[in-house]
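These figures come from a predicted structure and were not determined experimentally.
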Amino acid sequence: MDVLIDKETDSLIIADEENRRVVRWSRHSGTTQGEILINNIHCRGLALDDQRYLYVSDYGRQEVRRYRLGDDKNGTLVAGGNGQGAGLNQLNWPRYLFVDREQNLYVSDQNNHRVMKWKKGAKEGIVVAGGRGAGNALTQLSYPGGLFVDSSGTLYVAEGRNDQVMRWTPGAPQGTVIVGGNGEGAGTNQFSNPIGLSFDRHGHLYVVDCWNNRVQRFSLEP
């Protein structure tokens with residue numbers, strides 16, 4: 001469901017959802033098997049911070065935990081963990097994750113149709129996008145997926161059901177459609193269930209366009 005590159009060990013960290021585990025595979029030639037990092041987890045999203053803590057979303061327990069790589073099997077609860085729901089201390093199918101340099105955690109709270117921000121050590125989160133039910137208004141999200149937050153705190157989120165990527169600036173009451181939003185389809189300005197996104201160092205946006213079986217790249221205005 002999600003993959004990270006751990007540059008320090010030159011390995012892949014993989015959310016192996018159907019096997020209910022997170023595994024690590026060395027990228028060195030000759031590798032024949034991986035290493036189980038976490039077992040018995042309904043894992044969807046992964047994130048790795050600058051201090052090499054691994055964050056994993058668990059939709060079975062409706063929570064996100066943080067793990068010290070290599071020697072931590074239980075982890076520390078950092079978001080949710082209070083049952084399924086729409087409270088500020090709850091999640092409903094947490095999906096993708098993003099962690100910034102201050103260890104603020106962003107969670108695409110899929111079935112609550114919102115993105116939550118949990119500050120380090122917080123007991124509840126803050127709604128930073130959506131949270132007004134599923135819909136296609138600029139104040140709403142519909143099944144949010146992949147996330148990216150830039151150095152100014154601006155949030156980018158893939159919307160699976162609205163077939164678009166939105167940008168939310170900090171504190172804004174609504175977002176802006178930056179790509180897609182032209183209905184479901186296979187055109188170069190369309191998506192069919194976009195689920196993941198990322199940026200490269202040159203500012204190009206990459207979107208996993210799931211049901212079109214492709215990845216699209218966009219050059220955004222500065």
Side-chain angles (χ1 to χ4, degrees), residues 1-6 11-25 33-49 52-99 103-118 120-131 133-134 141-149 155 157-161 193-198 208 210-211:
M1 289 301 297
D2 206 358
V3 180
L4 295 176
I5 294 179
D6 179 10
S11 59
L12 299 174
I13 299 174
I14 304 166
D16 186 9
E17 181 192 19
E18 293 298 318
N19 282 321
R20 296 182 61 187
R21 65 190 184 185
V22 177
V23 297
R24 178 164 56 190
W25 283 71
Q33 66 180 32
E35 166 196 5
I36 298 175
L37 297 177
I38 307 164
N39 239 329
N40 192 30
I41 184 170
H42 293 279
C43 49
R44 275 290 177 102
L46 304 171
L48 192 64
D49 70 18
R52 291 182 49 74
Y53 282 100
L54 176 67
Y55 299 73
V56 185
S57 63
D58 183 343
Y59 64 86
R61 297 185 177 95
Q62 307 294 343
E63 66 185 23
V64 180
R65 286 186 173 267
R66 181 180 66 215
Y67 299 84
R68 170 64 75 179
L69 271 178
D71 59 1
D72 184 0
K73 299 297 184 183
N74 297 316
T76 302
L77 180 70
V78 291
N82 294 292
Q84 185 176 28
L88 293 178
N89 67 344
Q90 295 178 302
L91 297 168
N92 188 349
W93 276 69
R95 200 173 183 187
Y96 290 102
L97 308 174
F98 187 92
V99 182
Q103 292 184 307
N104 297 311
L105 172 68
Y106 294 80
V107 185
S108 55
D109 191 9
Q110 178 182 279
N111 289 2
N112 281 326
H113 311 289
R114 66 189 184 184
V115 176
M116 300 292 290
K117 176 183 179 181
W118 292 67
K120 185 178 180 180
K123 300 300 182 184
E124 62 181 37
I126 304 165
V127 180
V128 292
L141 295 172
S142 186
Y143 296 94
L147 304 174
F148 184 88
V149 181
L155 166 72
V157 55
E159 279 195 90
R161 295 293 171 85
N193 189 30
I195 61 169
L197 60 79
S198 187
V208 179
C210 183
W211 292 344

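The side-chain contact (heavy atoms from CB on, under 4.5 Å) check on Asn104 picks up Asp100, Glu102, Tyr106, Lys117, Lys119, with sequence neighbours excluded. With sequence neighbours excluded, the residues satisfying salt bridge (charged side-chain N to carboxylate O under 4.0 Å, His left out) with Arg65 are Glu63. Residues meeting the ring pair (Phe, Tyr, Trp, His ring centres under 6.0 Å) test with Tyr67, sequence neighbours left out: none. By the salt bridge (charged side-chain N to carboxylate O under 4.0 Å, His left out) test, Arg52 pairs with Asp6, Glu8, sequence neighbours left out. Tyr59 is linked by a ring pair (Phe, Tyr, Trp, His ring centres under 6.0 Å) to His42, Trp93, counting only residues two or more places apart in sequence or in another chain. With sequence neighbours excluded, the residues forming a side-chain hydrogen bond (donor to acceptor under 3.5 Å, both in side chains) with Arg61 are Asp58, listed by chain and number. A search for side-chain hydrogen bond (donor to acceptor under 3.5 Å, both in side chains) contacts involving Ser142 returns nothing, not counting sequence neighbours. Taking the side-chain contact (heavy atoms from CB on, under 4.5 Å) definition, one finds that Arg21 meets it with Asp16, Asn19, Val23, Ile36, Asn39, sequence neighbours left out. Looking at residues two or more places apart in sequence or on another chain, you find a side-chain contact (heavy atoms from CB on, under 4.5 Å) between Cys210 and Asn193, Ile195. For Arg114, the salt bridge (charged side-chain N to carboxylate O under 4.0 Å, His left out) criterion is met by Asp109, not counting sequence neighbours.
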Worksheet item: Where do Leu88 and Val127 land on the side-chain contact (heavy atoms from CB on, under 4.5 Å) test, with the steps shown first?
Response: CA-CA 8 Å; Leu88 293 178; Val127 180; 4.0 Å; yes
Practice prompt. Give the C-alpha distance, both sets of side-chain angles, the deciding distance and a yes or no for side-chain contact (heavy atoms from CB on, under 4.5 Å) between Phe148 and Val157.
Written response: CA-CA 7 Å; Phe148 184 88; Val157 55; over 6 Å; no
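Note that CG of Leu4 and OG of Ser11 are 9.5 Å apart. Values are rounded to the nearest 0.5 Å. Atom-to-atom distance recorded for Leu48:CG and Tyr55:OH is 9.0 Å, nearest 0.5 angstrom. Interatomic distance, Ile38 CD1 to Leu69 CG, rounded to the nearest 0.5 Å: 8.0 Å. Interatomic distance, CG of Leu91 versus CD of Gln62, reported as 7.0 Å (0.5 Å rounding).
Across every non-hydrogen atom of His113 and Pro144, the tightest pair is CA-CD, 3.8 Å. Cys43 and Val56 get closest at one heavy-atom pair: CB-CG1, 3.8 Å. Heavy-atom minimum distance, Leu197 versus Ala158: CD2-N, 3.4 Å.
Judged purely by distance below 3.5 Å, without hydrogens or angles, the side chains of Asp2 and Tyr96 never pair a donor atom with an acceptor atom.
Side-chain N or O atoms of Ser57 include one that pairs as donor or acceptor with a backbone N or O of Arg95 at under 3.5 Å.
Counting heavy atoms from C-beta on, the side chains of Phe98 and Leu105 never come closer than 4.5 Å.
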Report, one line per pair, each donor and acceptor closer than 3.5 Å where one atom sits in a side chain of residues 75-86; sequence neighbours left out.
| from | atom 1 | to | atom 2 | distance (Å) |
| --- | --- | --- | --- | --- |
| Asn82 | ND2 | Gly80 | O | 3.4 |
| Asn82 | ND2 | Asn89 | O | 2.8 |
| Gln84 | NE2 | Asn92 | OD1 | 2.7 |

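Within the structure, the salt bridge (Lys or Arg N to Asp or Glu O under 4.0 Å) test picks out the following pairs touching residues 33-47 (sequence neighbours left out): Glu17-Arg44, Arg24-Glu35.
Of the candidates Val99, Leu155, Val115, Val149 forms a side chain to side chain contact (heavy atoms under 4.5 Å, CB included) with just one, namely Leu155.
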